[in-house]
Structures are given as C-alpha cells and as structure tokens.
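These notes concern the structure reproduced below.
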Amino acid sequence: MTGTGPRAGGPASEPRTSVSPPEPRAGATGPGARAGLPASDAGGTGTGTGPRAGGPASEPRTGIAGTGPRTAVPALASRAGAVAPGAELRSAQAAPRPRTGVAALSPGYQVVAALALAVIAVAACVHLLMVFLSLAPSNTVTKQHGKAIEEWVYPEFEQNWKLFAPNPLQQNIAVQVRAEVRTRDGGLLTTGWTDLSAQDGVAIDGNPAPSHTQQNELRRAWDFFSATHGADNRAIGLRGSLSEQYLRRIVVMRLYRSDPASRDGVIQRVQIRSTTTNVQPPPWSRERVSGKPAYRLLPWWSVTSDEAAGGVR
C-alpha cells in the first residue's frame, strides 16, 4: 500500500516518504502496454517499450531507434485502413488484359480467319511456283503442264529480265494509238495519234512512288505483242491472239479515259503504232547509232461489242 499518511500506532507527526512511480524500463520486452494505457497499446504483442503501469500515455518509448511519441488511437481504426505491402501491384497484375487481334474474335470467327489465312498462304505458294516454272529451263513439269503454267502467268505476271542482261535495252519505245469513233449523230470520226507512253512518262516524272500500272502495263503489253509476232505483224504460236486481245483492250481503255472524242462516242476500230528511238551513247564512247526514229504500224483492229459498249472503261 502506498500513501503519505501516518502509520497506525505511530506518532502523528512522523511523515511517510512518498514513493514515486517507477520509471519506464528501456528495452523491456513483454506483451504490450500495461494497465492504464489506451486501448491501442493494450493488445499489442512483440517487444514493448511503452510506459509501465501508472505512466502517462504520452511518454516516449525508448529502445527502438527512430520511434517517437505514439498517439493513442483505437485499435480497430488503426487496422481498418491498413494495406498489405504490394497488394495494389498484385491486384494490377492479376487483372486480365484485353485481347487484341485474332484472339479478340469469337471462336467461330477465329476459325474463319484461320481458314482465310491458310487459303492466302496456299495461293501465294502456288503463284510463286508457277512464276518459277515459267522462268526455269524446260523440264518434266513444264513439258507436262506447260499449258496450265502459261494460262496462270501470261500476260499479267510475265517476268522481264532484259534490264539485267549483258546487253540491256538501249532504245526508247513509244506506243501511240488512234481510233475510229462512232459519234452520237451516227457519223464516223478518226482521231489523231495519242501518245500513251508520253502520258505514262508525265505521270511517273517527279512521282516518288509511281504505280506498277503506270510503269509496266503498256510497256509489257507491247513487249508481249512483239515477242509473239513477226516483222509482218503475223502471230507466232498460240499466244499471238492473246497478246493482240490484251494490247487492244489496254489502248481502248486508255482512249475512253483520256480522249474526249472517244469518251463521247463509241470506238469502232483502233490502230496502233510504235516509235523506236535509239539511246545515244555517252560522249566518250566510240559507238555510233542512228538518231532517226523507226515506226512500226499495225493494221486496224475491230473492237468487240463488249469493249465498244464500255466493258473495259
């Protein structure tokens, strides 16, 4: 029992020395704070450095580096908003990522997309094989299936390697055409010569990315015709008629697009000619070539009914 009053049976004037509360023990371990502290320190476990019984709640705890006075807060409030370390990162990683591309499609559409890709891949492989066989030397496959290979490749996919030959082309060839047009009043009109090669040159000049049509369509059609016809313009082999049809349809289509007289009427016949001019050698060369153009005039070709009706416009 602690107190400052006189002891029983002793002189009344004898004072009792007051006993001060014990000081907190530094580094003491135990089950948290003693009785008399706020509820926030009462239920803790581990190493306790709080004041002992009777000590003020605001006294600093010692024995742990960097700890200051602890504020008394309810235990439930102190634990309610606590977030475990890395919880937000784990929740973000666990969230499913949205699907993209083919994976975002339904299973049915995924099957359709896979089949479409397979068809495209097979068609590309077949095309490359056909082009290779058309360029390869004569062999067993080309002898047995030469007709099928030609129908697949010619005339659109024919390859021309003359640019890389030991003696490349040294001529400028211009293809020109004129037409006989049935006008709206029933008369016939013969147009002047239209230089189709010059039109392609204007479209290509200064264009950083000219189209394949502007560069090669007309040129390859004329090369195809020249390779399948003799000097008398008669067809050589079975591909002669095909080259005539291909060249005629191209020039009729071009006339309907660029020539006002042809566009307002109906083309009945066309005539094509080529102008060949040699490329002059450089000044340091001893080679001498003629600078006079050479003309090749083809006969008039009748335009079929489907072409005249605008089937190739």
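Residues take their numbers from the sequence shown, with the count starting at 1. As the structure is a computational prediction, the values presented were derived from the model and not from experiment. All values below come from the heavy atoms of this structure, side chains included, with hydrogens, waters and symmetry mates left out.
Under the 4.5 Å side-chain contact rule for hydrophobic residues, L117 and V111 do not share a cluster. In terms of hydrophobic clustering, with Ile, Leu, Val, Met, Phe, Trp and Tyr side chains grouped at heavy-atom distances under 4.5 Å, V122 and L129 are assigned to a common cluster. Under the 4.5 Å side-chain heavy-atom criterion for ILVMFWY residues, a single connected hydrophobic cluster contains both F132 and V153.
Here the side chain of N233 pairs a donor or acceptor atom with the backbone of L297 at under 3.5 angstrom. Under a 3.5 Å cut-off, the side chain of S226 and the backbone N or O of D223 do not form any donor-acceptor pair. Formation of a donor-acceptor pair under 3.5 Å by the Y109 side chain with backbone atoms of A104 is not found in this model.
Scanning all heavy atoms of the two residues, the minimum distance from W152 to H127 falls at NE1-ND1, 3.2 Å. In terms of heavy atoms, S243 sits closest to T228 at OG-OG1, 2.9 Å. Contact record, I236 with G230: CD1-N, 3.5 Å, taken as the closest heavy-atom pair. Of all heavy-atom pairs spanning V131 and S134, the tightest one is O-OG, 2.6 Å. Contact detail for W300 and E180: the closest heavy-atom pair is CZ3-N, 3.9 Å. The shortest heavy-atom contact between G291 and T277 is O-CG2, 4.2 Å.
Aromatic rings of F225 and W301 (six-membered ring for Trp) have centroids within the 6.0 Å cut-off, being under it.
Looking at M130 and F157, their side chains never come closer than 4.5 Å, going by heavy atoms from C-beta outward. T142 is listed as a side-chain neighbour of I149, based on a closest heavy-atom distance under 4.5 Å. At least one side-chain heavy atom of Q199 sits less than 4.5 Å from a side-chain heavy atom of S258. At least one side-chain heavy atom of E217 sits less than 4.5 Å from a side-chain heavy atom of M253. Residues Q171 and V279 form no side-chain contact, since every pair of their non-hydrogen atoms from C-beta on lies 4.5 Å or further apart.
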Practice task
Check step by step if side chain to side chain contact (heavy atoms under 4.5 Å, CB included) holds for L242 and F224.
Solution key: CA-CA 9 Å; L242 177 62; F224 184 29; 4.3 Å; yes

Exercise for the section: Show the numbers, then the answer: is there a side chain to side chain contact (heavy atoms under 4.5 Å, CB included) between V181 and T191? Expected result: CA-CA 8 Å; V181 182; T191 66; 4.0 Å; yes

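Atom CD in Q271 sits 14.5 Å away from atom CZ in R248 (nearest 0.5 Å). We find the CD-NE2 distance between E150 and H145 to be 13.5 Å, quoted to the nearest 0.5 Å. The structure places OG1 of T213 at 11.0 Å from CG of L218, a figure rounded to the nearest 0.5 Å. Here the straight-line distance linking atom CZ of R178 with atom CZ of R273 works out to 7.5 Å at 0.5 Å rounding. Atom CD1 in I272 sits 11.5 Å away from atom OG1 in T194 (nearest 0.5 Å). Rounding to the nearest 0.5 Å places CG of L247 at 7.0 Å from CH2 of W222.
With hydrogens and angles left out, the side-chain atoms of R182 and Q268 include no donor and acceptor closer than 3.5 Å.
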Just list the side-chain donor-acceptor pairs under 3.5 Å for residues 201-209, sequence neighbours left out, or say none.
residue: N207; atom: OD1; partner: A209; partner atom: N; Å: 3.1

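Just one residue in the list L255, V252, V251, V266 forms a side chain to side chain contact (heavy atoms under 4.5 Å, CB included) with V303, and that residue is V252. Just one residue in the list R239, E244, R296, R234 forms a side-chain hydrogen bond (donor to acceptor under 3.5 Å, both in side chains) with H229, and that residue is E244. The salt bridge (charged side-chain N to carboxylate O under 4.0 Å, His left out) test with R254 singles out one residue from D259, D200, D195, and that residue is D200.
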